[in-house]
Amino acid sequence: MRATQYYAPTLRQAPAEAEIPSHKLLVRGGFIRPLTSGVFTYLPLGLRVLRRVEQVVREEMNRAGALEVFMAVLEPKELWERTGRWDSFQPQPLRTEDRTGRWFCLGPTHEEVITDLVARDVSSYKQLPLTLYQIQTKFRDEIRPRGGLIRVKEFTMKDAYSFDIDEAGLARSYQAMYEAYVRIFARLGLATLVVQAEAGSMGGSDTREFMVLSDSGEDTVFVCDKCDYAANAECATSRLPEADSETEPADDYQRVDTPGATTIQAISEMLGTPPTKLLKTLLYRADERFVAALVRGDRELNEIKLQRATGADELRMATAEEILALTGAPVGFSGPVGLPDEVEIIADREIEFLGNAVVGANEADAHLVGVNVSRDFAVSRYADLRQAAAGDPCPQCETGRLATRRAIEMGHIFKLDTKYSEDLGALYTSEDGEQRPMVMGCYGIGVSRALAAIVEEHHDDAGIIWPLEVAPFGVVILLLDPENAKLAAVAEDLLTQLEAAGYEVMLDDRDERPGVKFKDAELIGYPLIVVVGRKTAESGEVEVRRRQDSAEEVVPIAGAVATLQELAEEA
RNA sequence: CGGGGCGUGGCGCAGUUUGGUUAGCGCGUUUGACUGGGGGUCAAAAGGUCGCCGGUUCAAAUCCGGCCGCCCCGACCA
């Protein structure tokens, strides 16, 4: 390819709206252009990278035994009603209506379509296991797009679905996908951390996310400094403390006046009690009922965990009016002692070890001190409710401490079990003649997001540094003086030779100053740079340079291809 | 949706507080010349509904009201 015949508009300055490196560089380098919030156009360079990432994913999925299909973007409402997700999927899918008034959604995911497909065509255990995947445009009405390609409303995703006869089969399919993912991310040049996570809108278990650590990421993960424990903040936990043996139970709890002390900090200061000896009582509305969630005073409640513990579809904090009606006290003085029976008390496991605690008195401007679990109030059940915090002891090993990192979620694998196969009738006849629901797994990769993650991980002040595997062109030839016919001929010849050697090559034959060409080459991030310039005219030599580390060799023209190959292989 | 910021030639910005000539600057673009190893120089030129609608005023980029769009922080996810 020749630059004079290409469309790669580079920008000297980043658009004002871009903040993270990948967003700035992908726009500056002429890979993408914004259309509207959360929607981008891919220019020729960007499309090339996207296709190369897709190809890596495709090859590894195929190698793992998965079969590619291509499903429709339009998904009929009736299908989604069968799984109950037409109304419950969050954020609500983008919807559209045809001229007869029939509703569709623009597919945010394809469990319904694939399960319906397989339900129709697969009926015997002999046809299983089966893993199908597609690489396709997904639409999600994101509440807030952000970070260039990190979070958008329309994006390319690889989604795969496995169908097995039983749990053991699912475990094998799942493992195959896990291993495929490891290979995919390695080839893409992404160092990933596999973390425990939640399944979100899809529902499921054994959820693992493949995370790329990056300050530009929107997820927080907790990692242990001693062992391999790693978990998304939404489900990370910490080791439980030893029983509080030094605290002898008080004879009875006492009521104390705490005028105006509605916060943990205020009570702590007023009573001279550390927050770890306080007990936070948080009232929530869980569907049609109320629950009181108890966590230690120094802890934050993790609402995802509470929602999971309650099994509620909708969970929200109780309003001030509801709290007053339930407890008889304003916000800030709720406590577990003397709550109405209809309020279920769910306590974080950590507070089981708390003796002589301070709690709200369910009375304005008063707290109770010396309160003890079981003796003074009944916990209906214990669950892991607390938000992990940096510095917490690791739940998995003896001595480790947790630290937080920012991360980009690149892939997500989880077990769906039989939810969708039951709802959509994906049954098979087993060897012993029984009808059973297929056991499913689900596996996603954010293909377009991978562009952002790769750039986040592979760039410097000058621009992008594409790994050879995904580079839009592996090599750029910089013809520094295109007016010089001799040099132009050398460059043309190199172009032919390199293409014959299997490289995709860009020849920068524009009538631009050398400086412009160097800057653009570095911004765009070609992994290998061949310079045809003054040295070529003087001594018949060209420079072969590697973008990632600026390693450079000056060699006779005839040796250029071999030298370039060496540099590529060492990379 | 809550909070914050921003909208002025293609890109980045100044001007708005305190209304007042013909709306500026850098980059980019076009033409010509020079130049040809790190975004070069000189000369000339094109390119603007100052986000939109309405209001105030002799006069609005500037003041007032409404709306739209974009970005950042929070709840959602590949």
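By convention in this document, chain letters (A, B, ...) are assigned in the order of the sequence lines, proteins followed by strands, and residues within each chain are numbered from 1.
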Could you identify the nucleotide paired to [N], looking across every strand shown and requiring Watson-Crick or G-U wobble geometry with both distances under 3.5 Å?
N     : result
B:A60 : none
B:C42 : B:G32
B:G74 : B:C1
B:C6  : B:G69

A:V49 vs A:W466, side-chain contact (heavy atoms from CB on, under 4.5 Å): CA-CA, chis, key distance, verdict: CA-CA 9 Å; A:V49 179; A:W466 292 110; 3.7 Å; yes
Provide a list of protein-nucleic acid N or O atom pairs under 3.5 angstrom, restricted to nucleotides 2-11 of chain B.
none

Presence of donor-acceptor pair under 3.5 Å, side chain of A:R151 and base of B:C77: yes
For atom [atom1], what is the distance between [N] and [M], given to the nearest Å?
N     : M     : atom1 : result
B:U29 : B:U57 : C1'   : 40 Å
B:C52 : B:G69 : C1'   : 10 Å
B:G26 : B:G65 : P     : 36 Å

Under 5.5 Å and under 30°: A:F155 stacked on B:A78: yes
Ring-ring centroid check A:F210 A:Y443, cutoff 6.0 Å: no
Pairs where residues 40-58 of chain A contributes a residue and the test salt bridge (Lys or Arg N to Asp or Glu O under 4.0 Å) is met, not counting sequence neighbours: A:R48-A:E504, A:R51-A:E54, A:R52-A:E504, A:R58-A:E68
Nearest atoms (heavy-atom pairs only) where A:V152 meets A:G38: CB-O, 3.2 Å
